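See structure below.
Remember, it's a predicted structure, so these values are computed and weren't measured experimentally.
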Amino acid sequence: MTSTSSWRREIYSAFWGVNGAGKSTTINMLCTLYAQTAGAAEICGYRLGKDNEAIRRKIGVVRQIDAGDVYYFESVDNKVFLYLEQGVYEVKYKLYEIEEEYANTDFFRASKSVIINLAKVKQFAPDFGGRFEAQMKNGEKLIISRQYVPLLKRRLGM
């Protein structure tokens, strides 16, 4: 069991307790990753359980996302975003770092600005100018630049 009380604007820098006391569960609840089971909390002026999305934006919650759930990464205006079936998140990495990290996996560089997860592609089709179009399982369509088409064909054994 974990019990806490604090003064307004007090910040915790550590939770101490024996295994099973509820430290991780409490942090996950305060970050809105778990539903609260009892009690009440206000975080940055927002009510836990009622204003969870606002709390996440305010405190910068980082969700753990399984790489297999990612459809693609895209660089736009010097920012990189990852796209899920239903959601988009900004990531702190550059595309070249993602490409290096996911080498030898289902991820494939499709253009200067996009890395796609081949496991999330429903079908490929030739496109104008030697490009390919990848229709993703979520219905989105992405273009594979013509300079990357030969690499894709090799990768797919075509």
Side-chain angles (χ1 to χ4, degrees), residues 2 12 15 19-20 22-38 41-158:
T2 301
Y12 289 100
F15 270 149
N19 289 344
K23 302 175 297 293
S24 295
T25 300
T26 300
I27 293 295
N28 282 322
M29 282 192 300
L30 293 173
C31 291
T32 74
L33 300 175
Y34 289 176
Q36 67 194 66
T37 54
E42 187 177 282
I43 300 165
C44 300
Y46 297 104
R47 183 101 173 138
L48 186 63
K50 181 178 177 226
D51 304 313
N52 287 353
E53 196 58 44
I55 291 170
R56 286 186 204 112
R57 282 193 305 271
K58 191 73 171 172
I59 66 174
V61 170
V62 177
R63 296 178 184 218
Q64 193 168 16
I65 297 171
D66 187 304
D69 293 335
V70 176
Y71 277 68
Y72 61 97
F73 295 93
E74 181 179 33
S75 177
V76 179
D77 296 330
N78 291 319
K79 294 181 180 179
V80 176
F81 299 91
L82 73 81
Y83 293 77
L84 303 174
E85 185 173 9
Q86 295 181 348
V88 179
Y89 298 91
E90 185 176 349
V91 297
K92 67 178 181 174
Y93 302 102
K94 300 289 184 196
L95 277 183
Y96 76 88
E97 295 171 316
I98 293 167
E99 188 175 26
E100 289 172 4
E101 180 69 25
Y102 292 103
N104 304 316
T105 68
D106 288 330
F107 288 90
F108 175 78
R109 185 68 168 249
S111 69
K112 288 182 181 180
S113 61
V114 175
I115 296 173
I116 63 173
N117 183 349
L118 295 175
K120 296 292 185 182
V121 176
K122 183 176 180 179
Q123 66 183 19
F124 292 101
D127 197 35
F128 182 74
R131 302 179 305 180
F132 266 37
E133 180 183 85
Q135 182 178 359
M136 308 304 285
K137 291 179 180 177
N138 66 355
E140 289 189 64
K141 294 180 180 179
L142 301 173
I143 298 297
I144 291 111
S145 297
R146 66 180 176 191
Q147 75 185 67
Y148 294 95
V149 168
L151 298 170
L152 177 65
K153 286 181 174 180
R154 263 196 310 262
R155 181 92 178 257
L156 298 176
M158 297 171 68

With a 4.5 Å limit on heavy-atom distance, are the side chains of [X] and [Y] in contact?
| X | Y | answer |
| --- | --- | --- |
| Met136 | Leu142 | yes |
| Leu152 | Leu118 | yes |
| Tyr89 | Ile65 | yes |
| Tyr72 | Glu140 | yes |
| Leu82 | Val88 | no |
| Val91 | Ile98 | yes |

Pairwise salt bridge (charged side-chain N to carboxylate O under 4.0 Å, His left out) hits with a residue in residues 65-86, at least two apart: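 Passing the test, one end in residues 65-86: no pairs.
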Just how far is it from atom [atom1] of [X] to atom [atom2] of [Y], taken to the nearest 0.5 Å?
| X | Y | atom1 | atom2 | result |
| --- | --- | --- | --- | --- |
| Ser75 | Ile115 | OG | CD1 | 9.5 Å |
| Lys141 | Gln135 | NZ | CD | 5.5 Å |
| Leu151 | Ser145 | CG | OG | 11.0 Å |
| Lys50 | Asn52 | NZ | CG | 11.5 Å |
| Met158 | Phe124 | CE | CZ | 8.5 Å |
| Asn117 | Thr105 | CG | OG1 | 7.5 Å |

Heavy atoms of other groups near Phe81 CZ, more than 12 under 6.0 Å: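 Correct, the count exceeds 12.
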Heavy-atom neighbours of Arg146 CZ exceed 12 at 6.0 Å: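 12 or below, so no.
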Partners passing side-chain hydrogen bond (donor to acceptor under 3.5 Å, both in side chains) against Glu99 (at least two apart in sequence or in another chain):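 Testing Glu99 for side-chain hydrogen bond (donor to acceptor under 3.5 Å, both in side chains), a comparison that skips the adjacent residues, returns Arg109.
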side-chain hydrogen bond (donor to acceptor under 3.5 Å, both in side chains) involving Asp106 - partner list, sequence neighbours excluded: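 side-chain hydrogen bond (donor to acceptor under 3.5 Å, both in side chains) check on Asp106 returns nothing, list empty.
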Proximity of Phe107 and Phe73 rings by center, below 6.0 Å: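 Yes: the rings meet the under 6.0 Å criterion.
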Check: Tyr71 ring centre within less than 6.0 Å of Tyr83 ring centre: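 Ring centroids of Tyr71 and Tyr83 are no less than 6.0 Å from each other.
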Heavy atoms only: give me the nearest [X]-[Y] pair and the separation to one decimal.
| X | Y | result |
| --- | --- | --- |
| Leu48 | Gln36 | CG-OE1, 3.0 Å |
| Tyr148 | Ser111 | CE1-CA, 3.5 Å |
| Arg131 | Ile143 | CD-CG2, 3.7 Å |
| Val149 | Gly130 | CG2-O, 3.4 Å |

Any donor-acceptor N/O pair, Lys122 side chain to Asn138 backbone, under 3.5 Å: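 Checked: no pair found.
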Derivation and outcome, side chain to side chain contact (heavy atoms under 4.5 Å, CB included), residues Tyr93 and Val80: CA-CA 7 Å; Tyr93 302 102; Val80 176; over 6 Å; no
